[in-house]
Amino acid sequence: MIIGIDLGTTNSLVAIWRDGKAQLIPNSLGDNLTPSCVSLDEDGSVLVGRAAKERLQTHPDRTAAIFKRYMGSDKKVKLAQREFRAEELSAFVLKSLKADAEAFLGETVSEAVITVPAYFSDAQRKATKTAGQLAGLKVDRLVNEPTAAALAYGMHQFKDECRFLVFDLGGGTFDVSILEMFDGVMEVRASAGDNFLGGEDITKAILDAFFEKHAFPAKMRNDPRFMEQLFAAAERAKRTLSQQDHCVMEVQTKDALLQYHLDEEALVKITAPFVKRMREPVERALRDTNLRANQLDTIVLAGGATRMPIVKRLVTLMFGRFPASEINPDEVVALGAAVQAGLKMKDAALEEVVMTDVAPYSLGVDTSIVLSDKKSIGGHFSPVIERNSTVPISRVKRFYPLEDKQEKLVFNVFQGESRLVKDNIFLGKLEFPLEPVSSEENGVDLRFTYDVNGLLEVQATLLRTQKTHTMVIQGNPGLMNEEQIAQRILALESLKMHPRDTLEVRTIMARTDRVYQQLRGDARQWLTAQIVEFENIIESQNIKLILPAQAKFSALLDEIEKDVVLHPDYTE
Ligand code: AMP
């Protein structure tokens, strides 16, 4: 059996082709979505999925998430005292999905089809295959995510040539791809997108709107735990509004219950700037392929954020017809991977033209944002070359020093998609002296040139003197070779995956730790009493008692989390 895997940035899924259709496989908690999170437990075992995600807040130094963005780079992530590459962390996720598939099928699984973003470079594709190898999976075939989404909607069964557009709005990125099928070959003809636009931005905007209604002193807004809870409340509100037309966010302070009512109309206003930004990549993709909207056969929705009615409406308006949305947008890529796996098992594998001649990451420098009171805040990422640009490419951006008569200018070069450079990968530093003149007179044109071999040349030209300073950065930082892979397989074997049969209890306990940290005073004591009772039942090892206790305890945690957010000044 070959399994299909959507190895996502936030969530991963596994599916198979069986009885003539693609079918999702639930994990040991019964969920189709497994968070792409990995945590090293104190007992030395590896936790993957929801248990690991729960530990992001309580055990940040032992837990990793969103490592997909480091695939194909040599960035290491530290968990406890050990260092891991993105391939290795991905391998844990793959191992966990493999185990779920094996438990579901009752047989050993040794081969997989894995999906990757269309803009993934050669290095990132190789790293994904290596992750498979480290997880004990043979990966002959990688499929582009938009191709998989189109396969899930049966694009390969269209008789004549046809064209699909995939509109994929995830948590942090927006990707538009136009696919063409001709003579049994599927090709991603164009892809466009916005690396800084996704469902998370909408959640943040809801939070901002909440703050507009209820002003809080800066001190509160700097309290990370309070902000996390508020963010979670805004996320819940957003999801509720995908199903009903009204909801309330509530915060209990010392003397009042602050409420924020959100309805369809408010959401339209909040999301307007984002919705506007969704048009541009669609227009660009159409322009690049010389197609008009009415020449597309099907519009496919992918990514969790396309569940929002506002987004569906926009797509309907833009294309003058309803998008295909029978399949859950967060499951469509995995189901397509299973279709490809099914085709491969029948030896009817479809050919795909793979685009790899693109800059896989955004490349840019760190800059400071100057606030209205002249204070400047550094560490912000300013891209010069946007991810997904066809290479070779050369782009120029103009910069000015922060101060008059500044002595030198330092450009730290980064690759990545994060707003803050600390979350991106540092590539190198270009430093040169300036003349003692005003900031305006010290303008610099910074040119980035990126070639097919992944070589990046950074050149700074002082406008006043036309003097240049250059730096060359070697591309495609280390991929693992066969010998290193063999060594790491041995090293990773010393780490055991947490057993599946106790993962549910482990997940509940990880969640309990997080919820406990959010509570105060009497509520904490009360929860402690409940925990002790629950642990007592678990220790009894009586499965008849354990199952209902698990359900009851989870429901209790749901109830606590559904509650209003408690303001830090609130005491019982
Ligand atoms: P993905 O990266 O495809 O998993 O998409 C994750 C994004 O989809 C997150 O920003 C979620 O908040 C968003 N999302 C998931 N379900 C819903 C929903 N029912 N309504 C609105 N947004 C959702």
Side-chain angles (χ1 to χ4, degrees), residues 8-11 29 31 33-37 39 49-60 63-66 169-172 198-214 216 219-244 246-253 257-263 266-267 270-271 274 303-305 307-308 330 419 423 507-521 523-524 527 553-570:
T9 309
T10 40
N11 291 301
L29 310 180
D31 302 332
L33 267 66
T34 296
S36 306
C37 291
S39 187
R50 231 165 70 195
K53 190 176 171 189
E54 296 289 1
R55 285 163 56 91
L56 271 174
Q57 286 169 31
T58 53
H59 298 82
T63 311
I66 50 174
L169 188 65
E200 303 297 298
D201 297 291
I202 295 177
T203 307
K204 272 190 213 116
I206 292 177
L207 197 54
D208 287 343
F210 172 86
F211 280 124
E212 253 172 51
K213 166 113 172 93
H214 298 290
F216 281 94
K219 192 177 98 208
M220 296 299 155
R221 296 179 65 157
N222 289 333
D223 180 334
R225 198 142 283 150
F226 176 54
M227 289 304 287
E228 263 157 29
Q229 288 180 58
L230 266 184
F231 191 85
E235 173 72 23
R236 279 198 299 275
K238 181 181 78 173
R239 289 178 186 234
T240 306
L241 286 172
S242 295
Q243 271 160 358
Q244 56 195 57
H246 178 256
C247 73
V248 193
M249 275 175 71
E250 295 181 320
V251 175
Q252 179 71 60
T253 73
L257 178 67
L258 306 177
Q259 289 194 317
Y260 176 50
H261 288 264
L262 255 169
D263 59 10
L267 195 64
I270 290 169
T271 52
F274 305 110
R307 285 174 186 262
M308 297 186 72
D330 30 26
R419 199 168 50 81
D423 299 323
T507 306
I508 295 175
M509 292 319 292
R511 183 178 176 198
T512 307
D513 287 345
R514 176 176 58 76
V515 171
Y516 179 87
Q517 288 199 357
Q518 287 173 3
L519 299 176
R520 261 158 307 163
R524 271 192 164 177
L527 183 61
F553 198 70
S554 293
L556 184 135
L557 293 174
D558 285 347
E559 201 49 42
I560 297 175
E561 292 222 272
K562 203 166 70 185
D563 258 359
V564 290
V565 175
L566 297 180
H567 192 275
D569 78 358
Y570 174 81

side-chain contact (heavy atoms from CB on, under 4.5 Å) partner of K238, chosen from T271, L262, L207, T203: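 Exactly one pass, corresponding to T203.
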If I compare all heavy atoms of [X] with all of [Y], which pair ends up nearest, and what's the gap?
| X | Y | value |
| --- | --- | --- |
| A305 | G170 | CB-O, 3.9 Å |
| G198 | L169 | CA-CD1, 4.0 Å |
| A51 | A510 | O-CB, 3.7 Å |
| V515 | L527 | CG1-CD2, 4.3 Å |
| A52 | C37 | CB-O, 3.4 Å |

Partner residues of F274 under the ring pair (Phe, Tyr, Trp, His ring centres under 6.0 Å) criterion, sequence neighbours left out: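 Not a single residue meets the ring pair (Phe, Tyr, Trp, His ring centres under 6.0 Å) criterion with F274.
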Residue pair R307, S242: steps toward the side-chain hydrogen bond (donor to acceptor under 3.5 Å, both in side chains) verdict: CA-CA 7 Å; R307 285 174 186 262; S242 295; over 6 Å; no
Taking the side chain as C-beta and beyond, is there a heavy-atom pair between [X] and [Y] under 4.5 Å?
| X | Y | result |
| --- | --- | --- |
| Q518 | E228 | no |
| N11 | D330 | no |
| Q517 | T58 | yes |
| R514 | E561 | yes |
| I202 | M308 | yes |
| M249 | L230 | yes |

Roughly how far apart are [X] [atom1] and [Y] [atom2], rounded to 0.5 Å?
| X | Y | atom1 | atom2 | result |
| --- | --- | --- | --- | --- |
| C247 | I206 | SG | CD1 | 7.5 Å |
| Q252 | Q259 | CD | CD | 10.0 Å |
| T240 | E235 | OG1 | CD | 9.5 Å |
| K204 | I270 | NZ | CD1 | 14.5 Å |
| T63 | Q57 | OG1 | CD | 10.5 Å |

Donor-acceptor contact below 3.5 Å, side chain R511 vs main chain E54: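 No, the answer is negative, given that no donor and acceptor are paired below the 3.5 Å cut-off.
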Donor-acceptor contact below 3.5 Å, side chain T34 vs main chain G49: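 Judged by distance alone, no pair lies under 3.5 Å.
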Aromatic ring pairing H261/H246, orientation class (parallel under 30°, perpendicular over 60°, tilted between):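 H261 vs H246 ring planes: parallel.
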Audit row: F231, E200, side chain to side chain contact (heavy atoms under 4.5 Å, CB included) steps and yes/no: CA-CA 10 Å; F231 191 85; E200 303 297 298; 3.7 Å; yes
More than 12 heavy atoms of other groups within 6.0 Å of K213 NZ: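 Open.
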